[in-house]
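Counting starts at 1 for both ligands and their atoms, in listed order. Model, not experiment: these values are computed from the prediction.
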Amino acid sequence: MRAHVAAAACLAALLALRPAVSFSGGDDTVTAGEQLYVLCSGCHAPTWNRTGPRHCGLAGRRAGSLADFDYTPAMKNADIIWTRESLDEFLRAPLTMVPGTSMAFAGMPDARERDQLITFLLQLTDKHPLCR
Ligand code: HEC
């Protein structure tokens, strides 16, 4: 509950800052990425496992490594560390990068949208209000 209040306060602060940062990247990229997360939220949430594994702590995580999620062997054995570069390749065409993955998502062809979404995903560390 407290985390939600903090998240709301943080969002309000971000919104208040928006005119100052205008369209020059930074916060606007994160905001756009967070909006694009609707493409994922049918199966994923930041903090808990759904059809897909949670995304908090994704940056630097080894693919298929959450102990409490039942991955396919394809994902477990993919030998990928999630970084901006690997996420970009994966989200462009998941089944091409990880043949046999059960992630039923065709991919995001738009490089700018991938960039925005990945910027949001990489913020989901234990410092992010959604992940505390
Ligand atoms: C139809 C459901 C579905 C959708 C939509 C979906 N995913 Fe997934 N995702 C999964 C499943 C299931 C897995 C586990 C795949 C496996 O074990 O092969 C997964 C795995 C992942 C992983 C690997 C995580 C890890 O712990 O190694 C990442 C990263 C990921 N998804 C990102 C995304 C993003 C970003 C989106 C939105 C653009 C998205 N997914 C959309 C179902 C989905």
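For the pair His55 and ligand 1, a heavy-atom separation below 4.0 Å is found.
Counting heavy atoms under 4.0 Å from ligand 1, residue Trp82 touches it through the side chain alone.
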Show me the donor-acceptor pairs within less than 3.5 Å that the side chains of residues 98-111 make with the rest of the protein, sequence neighbours left out.
| residue | atom | partner | partner atom | Å |
| --- | --- | --- | --- | --- |
| Thr101 | OG1 | Met103 | N | 3.2 |
| Asp110 | OD1 | Arg112 | N | 2.9 |
| Asp110 | OD1 | Glu113 | N | 3.1 |

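Inclusion of Gly64 in the set of residues having an N or O under 3.5 Å from an N or O of ligand 1 is warranted. Taking only nitrogen or oxygen atoms, main chain and side chain alike, Asp70 does not reach within less than 3.5 Å of ligand 1. Between Ser102 and ligand 1, at least one pair of N/O atoms sits closer than 3.5 Å. Residue Arg61 has at least one N or O atom closer than 3.5 Å to an N or O atom of ligand 1.
Taking the side-chain hydrogen bond (donor to acceptor under 3.5 Å, both in side chains) definition, one finds that His44 meets it with His55, sequence neighbours left out. The side-chain hydrogen bond (donor to acceptor under 3.5 Å, both in side chains) test applied to Asn49 returns Arg54, Asp68, not counting sequence neighbours.
For atom 8 (Fe) of ligand 1, the set of protein N/O/S atoms nearer than 2.8 Å consists of His44 NE2, Met103 SD, ordered by chain and number.
Using a distance-only test at 3.5 Å, with no hydrogens or angles considered, a donor-acceptor pair links the side chain of Arg50 to the main chain of Ser41.
Atom 15 (C) of ligand 1 has its closest protein heavy atom at Thr101 OG1, 3.3 Å.
One distance of note links CZ of Arg84 with CG of Leu121; it measures 9.5 Å at 0.5 Å rounding.
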